[in-house]
Student: 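Sharing a structure here in structure tokens format.
Start at 1 and go down the list; that is how both ligands and their atoms are numbered. Throughout, numbering of the chain's residues begins at 1 and tracks the sequence.
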Amino acid sequence: MIFVLSGAGLSAESGLGTFRDEGGLWTQYDLSEVATPEGYAKNPTKLLDFYNARRANAAHAKPNVAHQALARLEAEAGAFLVTQNVDVLLDRAGAKSVLHMHGRLDRVLCNKCGARWDAPEVMDPFDHCGQCGAQAVRPDVVWFGEMPHGLDEIEDALSSAEMFVAVGTSGTVYPAAGFVEAAHANGIPTLELNLEPSGGRFDDGRYGPATETVPAWVD
Ligand code: BV8
């Protein structure tokens with residue numbers, strides 16, 4: 001199977017901001033205040049304003065032809081799609097088994113009992129969990145210092161993949177940034193589809209906007 005890791009660059013042309021490009025989210029917000037458990041504890045309203053705004057943007061965004069091409073690759077060639085993105089544009093493009101390793105904006109999680117449900121349009125810091133009643137509700141996303149989802153499944157998939165492709169990611173955040181090295185260690189070819197070389201060690205690269213490079217590569 002082809003293992004495809006995606007990052008914010010896949011959704012950039014759907015109008016969703018990236019993190020580290022010029023004007024990116026981490027240039028507008030202090031990551032420690034809006035993407036860490038400590039930030040949530042210190043100022044839940046500030047953090048929820050950040051996620052409420054992103055959830056609204058993501059809800060209005062449309063999957064682009066790169067999302068659609070990856071959904072086709074999953075359907076027709078059994079590609080394994082792992083995304084760092086918390087938008088659900090790949091799912092909305094028709095992909096059936098996306099692994100959201102950093103969680104997803106459209107869900108909330110109870111920190112106390114682990115219940116998950118669809119996020120309301122606007123989250124309030126004092127929401128109560130419908131399951132256990134605790135005031136421990138948070139966005140269902142993985143913050144810095146928290147364990148990403150699906151690492152065992154990802155490791156298994158990487159060990160049986162015939163190719164590793166990274167789409168629209170700067171290769172800055174671990175453990176996702178280490179997957180390409182795992183692919184090299186497993187002796188499989190690695191390809192990067194990005195606006196520009198990310199600096200990661202790839203055997204091949206196709207550079208340009210994802211809406212051009214991804215459909216051209218898939219089809
Ligand atoms: C963890 C929250 C414990 C949700 C995010 C070594 C091993 C393990 C951990 C670490 C390590 N070293 C450091 C760490 C800690 C840390 C980390 O990596 N820090 C970095 C900053 C150094 N990692 C963690 O804390 C992780 N958890 O470590 O748990 C653990 C212990 C053992 C084993 C495993 C785990 C948690 C990481 C998740 C954090 N949450 N977001 C949200 O709000 O979104 S991370 C954040 O960065 C987003 O999720 C984002 O997806 C992710 C990666 O960014 P990119 O997607 O790559 O986006 P970026 O803007 O950087 O780049 C955009 C790219 O697109 C560029 O290359 C650009 O050229 C390209 N592009 C732009 N436009 C286009 C385009 N390409 C094509 N077409 C275009 N049009």
Student: At the 4.0 Å heavy-atom cut-off, does Pro209 count as touching ligand 1?
Tutor: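 Right, Pro209 reaches ligand 1.
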
Student: For ligand 1, is Gly24 a contact, meaning one of its heavy atoms is under 4.0 Å away?
Tutor: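 Judged by the 4.0 Å heavy-atom criterion, Gly24 does not count as contacting ligand 1.
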
Student: Would you say that Arg72 contacts Asp219 through its side chain, given a criterion of any heavy-atom pair below 4.5 Å between the two side chains?
Tutor: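 With C-beta onward as the side chain, the pair touches.
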
Student: Looking only at distance, does Asn194 have an N or O less than 3.5 Å from an N or O of ligand 1?
Tutor: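 Yes, at least one N or O pair falls under 3.5 Å.
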
Student: Name the option, out of Tyr29, Phe19, Phe144, that contains the heavy atom nearest to atom 45 (S) of ligand 1.
Tutor: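 Looking at heavy atoms only, Phe144 sits closest to atom 45 (S) of ligand 1.
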
Student: So for ligand 1, is Glu146 a polar contact partner (N or O within less than 3.5 Å, distance only)?
Tutor: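 N/O-N/O distance under 3.5 Å: yes.
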
Student: Run down the list Leu5, Thr27, Thr172 and name the one with the heavy atom closest to atom 20 (C) of ligand 1.
Tutor: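 The residue whose heavy atom sits nearest atom 20 (C) of ligand 1 is Thr172.
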
Student: Tell me whether ligand 1 is touched by Gly145 - counting only heavy atoms on the residue side and a distance under 4.0 Å.
Tutor: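 It does; at least one heavy atom falls under 4.0 Å.
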
Student: Mind checking whether Val34 has a heavy atom under 4.0 Å from ligand 1?
Tutor: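 No heavy atom of Val34 comes that close to ligand 1.
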
Student: Under 4.0 Å from atom 10 (C) of ligand 1, is there at least one protein heavy atom?
Tutor: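 Yes.
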
Student: Any idea which of Tyr51, Trp26, Trp143, Tyr174 brings a heavy atom closest to atom 14 (C) of ligand 1?
Tutor: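 Comparing heavy atoms across Tyr51, Trp26, Trp143, Tyr174, the nearest one to atom 14 (C) of ligand 1 lies in Tyr174.
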
Student: Scan the protein's non-hydrogen atoms and note whether one is under 4.0 Å from atom 42 (C) of ligand 1.
Tutor: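 There is a protein heavy atom less than 4.0 Å from atom 42 (C) of ligand 1.
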
Student: Do His102 and Val141 make a side-chain contact, defined as non-hydrogen atoms from C-beta onward lying under 4.5 Å apart?
Tutor: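 They are not in contact (no side-chain heavy atoms under 4.5 Å apart), so the answer is no.
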
Student: Quick one: are Val88 and Leu105 in side-chain contact, heavy atoms under 4.5 Å?
Tutor: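 No, too far: nothing below the 4.5 Å cut-off.
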
Student: Can you find a protein heavy atom under 4.0 Å from atom 77 (C) of ligand 1?
Tutor: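 Under 4.0 Å from atom 77 (C) of ligand 1, at least one protein heavy atom found.
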
